[in-house]
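The sequence lines fix the lettering, A, B, ..., with proteins before strands; numbering per chain opens at 1. Below, all heavy atoms of this structure are taken into account, side chains as well, without hydrogens, waters or symmetry copies.
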Amino acid sequence: MKPMKTKNLLNGKISQAKKGKQKLFCVFLTLGYPNLVATERLILFCEKAGVDILELGFPFSDPLADGPTIQFSSEQALKKHVTIKDAFQVVRHVRQKGCRMPIVFFGYFNPIYAYGKKDFASDAKTAGFDGIIVPDLTPEEEKDFQADCRKKDLSQIFLVAPTTSDARASKIIHKSQGFVYYVSLRGVTGARKTVPSDLKGQLNQLRKMSRKPFLVGFGVSMPEQARDISKMSDGVIVGSAVIEHLKLGIRSAERFIEKMSQAVHRP
Amino acid sequence: MKKNPDSKGHFGPYGGRYIPETLSRAAEELTRAYQEIKKDKKFQEELRYYLDTYAGRPSKLYEAKNLSAYFGRGRIFFKREDLCHTGSHKLNNALGQGLLAKRLGKTRIVAETGAGQHGVASATVACVLGLKCVVYMGVVDIARQALNVYKMKLLGAEVRPVHSGSKTLKDATNEAIRDWVTNVEDTHYLIGSVVGMHPYPMMVREFQSVIGRETRQQILKVVGRLPNYLLACVGGGSNAIGFFYAFLKDRNIRIIGVEAAGAGIQSSHHAASLTKGKPGILHGMKSYLLQDKDGQVQIAHSISAGLDYPSVGPEHSYLKDSGRVSYYPVTDRDALCGFELLTKLEGIMPALEPSHALGYLPKLMPKTKKNDIVIVCLSGRGDKDIDTVKQYLGAEK
């Protein structure tokens, strides 16, 4: 089968959500945890459950922005020798099965660098990825790679943190394509029980700078919390909490994703 | 030569700042503060005071006549960093960064450690400057460097064991960075080597460059001319850069860095990132890195916990590519021979890290001429390693 026309599904989804004033629900999965077949099944399930954007996390040996949960899922996946080619394969498969949910590659820079920056941008797009998030790449480094991604219409999403100065945030927001990933707390990824008290003020400040959607990630773990955060932002990203449920079994993760999706979409 | 690094921390294609956004502000603040203190007389005086009266600088330059006679060629000198307070060169950097942390208003420092030398230096500085100190250390290293672990605890530091990955220096560094991301408001990350994100490789080099500046003065005073060879071990590479830096422009001096070849570079058990690695990104920097074909970081192995690291300071990568410094691997076994040689001939027990530099002498010395001068950076003393040495030598004999 010929690959379908490489349209950027992320942009489509975002303008659709804007028009319909809908919040965006983004789920993070670790590629290959518990195994590649499960990852594929979960991606297809996510689309059915109303997930708006999928972040496919590529495991790295040294995930220094991640807490214990994603460290664990990454280690497990790496024991099975998951490679970037597997990431492309999985996305190709789900696209062949008709999946139209935007999928974003989430991974540390070294595996991309080892694969070859230019080839990566090209192959990721061909496989069916719509965007890319590299948590250890700020807009200052690897400008040629950023240009390659732009050329291939692979949206580069950058992160803004609570410690980012306004002047810097403005630059990052300008560079970020599709949406802006707002890190809700100081620290690594991992489920937290509460909503940071200064989140609303910070988001209000940032949203003055741009009409791009701001999705909040790091620490989002419960439906009520996801609902509350969605009200002050344009949506949420849930990662570690999904993996925690996945440790209990695929069905547990699926039920959790359904519940979270409802909480975000029907406040 | 171009100014190195550039304003963004690049040494040629290496270095830079590959970090989570949460750390950007702290890295920028640190860079600014460092630029300020470089020109700040008061700060430099205070640092000088601690280096002289507390660390015991300048460290001595010793001519090892027995060892020189053993090889029967050039004259061998040692820059005696092993005589510094806390037993290694690590205190030079820890004092500099500790004072800087105070100036930034930080109340807590976190550090990673492999051999424990940097952990002890950090705990010592925290103690004397009144800072809280948490040291991350892999459980493998905690087992093989028990003496230093106990010292850190006596000094009031909290030693947090790291169970992830290789359970050595690489993973201790991951955890220290995660701690810094979480507590960045009140915490300074006191990196122990010329690794990590900008400004660390530059800043740590400059705090350590006191080693080379002193050596230069001392050798000119004693012999009246510059050396022919410089030799130092390279893990992250802070003692080596600190030692080499004042001599890089003297093109006639042959400068040699020695990395840990573990069980041999043909095996998979080594830490020879410059010899066997490829450029890659780890811990915020681009540098030579031991990695598999998929870009996953490989686990390093060395008898010496301080060299047990799969990457190396970015400036070393640059100096390797430019050809200014040559890097050679030395095995665990050759390092132990170096240890024994210095102990028996000179009555100095070196740490296992500089023992690697000593392990290269049998290759280097036959090439030297009678009047050649070889200076080795003896970066630390061997007390901490006696158990390891006993185990290995005992097993062989």
For A:Arg186 and B:Glu185, what are the C-alpha separation, side-chain angles and deciding distance, and is it a salt bridge (Lys or Arg N to Asp or Glu O under 4.0 Å)? CA-CA 9 Å; A:Arg186 294 160 185 77; B:Glu185 308 283 315; 2.8 Å; yes
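By number of non-hydrogen pairs under 4.5 angstrom with chain A, the leading residue of B:Arg17, B:Met197, B:Glu175 is B:Arg17. Between chain A and the options B:Gln291, B:Arg25, B:Arg178, B:His283, the largest number of non-hydrogen pairs under 4.5 Å is found for B:Arg178.
In this structure, chain B has heavy atoms under 4.5 Å from both the backbone and the side chain of A:Val188. Only the backbone of B:Lys293 comes within contact range of chain A, with heavy atoms under 4.5 Å apart. Neither the backbone nor the side chain of A:Tyr115 comes within contact range of chain B; no heavy atom of the residue lies under 4.5 Å from a heavy atom of that chain. If you measure heavy-atom distances from A:Pro68 to chain B, you find no contacts under 4.5 Å at all. Only the side chain of A:Leu78 comes within less than 4.5 Å of a heavy atom in chain B; its backbone stays farther off. For chain B, the nearby part of A:Val160 is the backbone; its heavy atoms alone come within less than 4.5 Å.
Using modelled atom types, one finds no donor on one side chain facing an acceptor on the other under 3.5 Å when comparing A:Thr138 with B:Glu21. There is a side-chain donor-acceptor pair under 3.5 Å between B:His10 and A:Glu141.
Taking all atoms of both residues into account, the shortest heavy-atom contact from B:Ile281 to A:Phe109 is CD1-CD2, 3.5 Å. What you find for A:Ser61 and B:Val297 is that their closest heavy atoms are OG-N, 2.9 Å. Between A:Ala65 and B:Pro20, the shortest heavy-atom distance links the atoms CB-CG, 3.9 Å. Smallest separation of non-hydrogen atoms from B:Gln296 and A:Phe58: NE2-CE2, 3.7 Å. Nearest heavy atoms, B:Ser164 versus A:Gln71: CB-OE1, 4.2 Å.
When side chains are defined from C-beta on, B:Asp171 counts as touching A:Asp62, because their heavy atoms get closer than 4.5 Å. Using a 4.5 Å heavy-atom cutoff, the side chains of B:Val184 and A:Thr163 are in contact.
Sparse packing is recorded around NZ of A:Lys171, with 12 or fewer heavy atoms of other residues, nucleotides or ligands lying under 6.0 Å away.
Using a cut-off of 4.0 Å between Lys/Arg side-chain N and Asp/Glu carboxylate O, B:Glu28 and A:Arg168 are scored as salt-bridged.
Judged by distance alone, the side chain of B:Asn174 and the main-chain N or O of A:Leu64 form no donor-acceptor pair under 3.5 Å.
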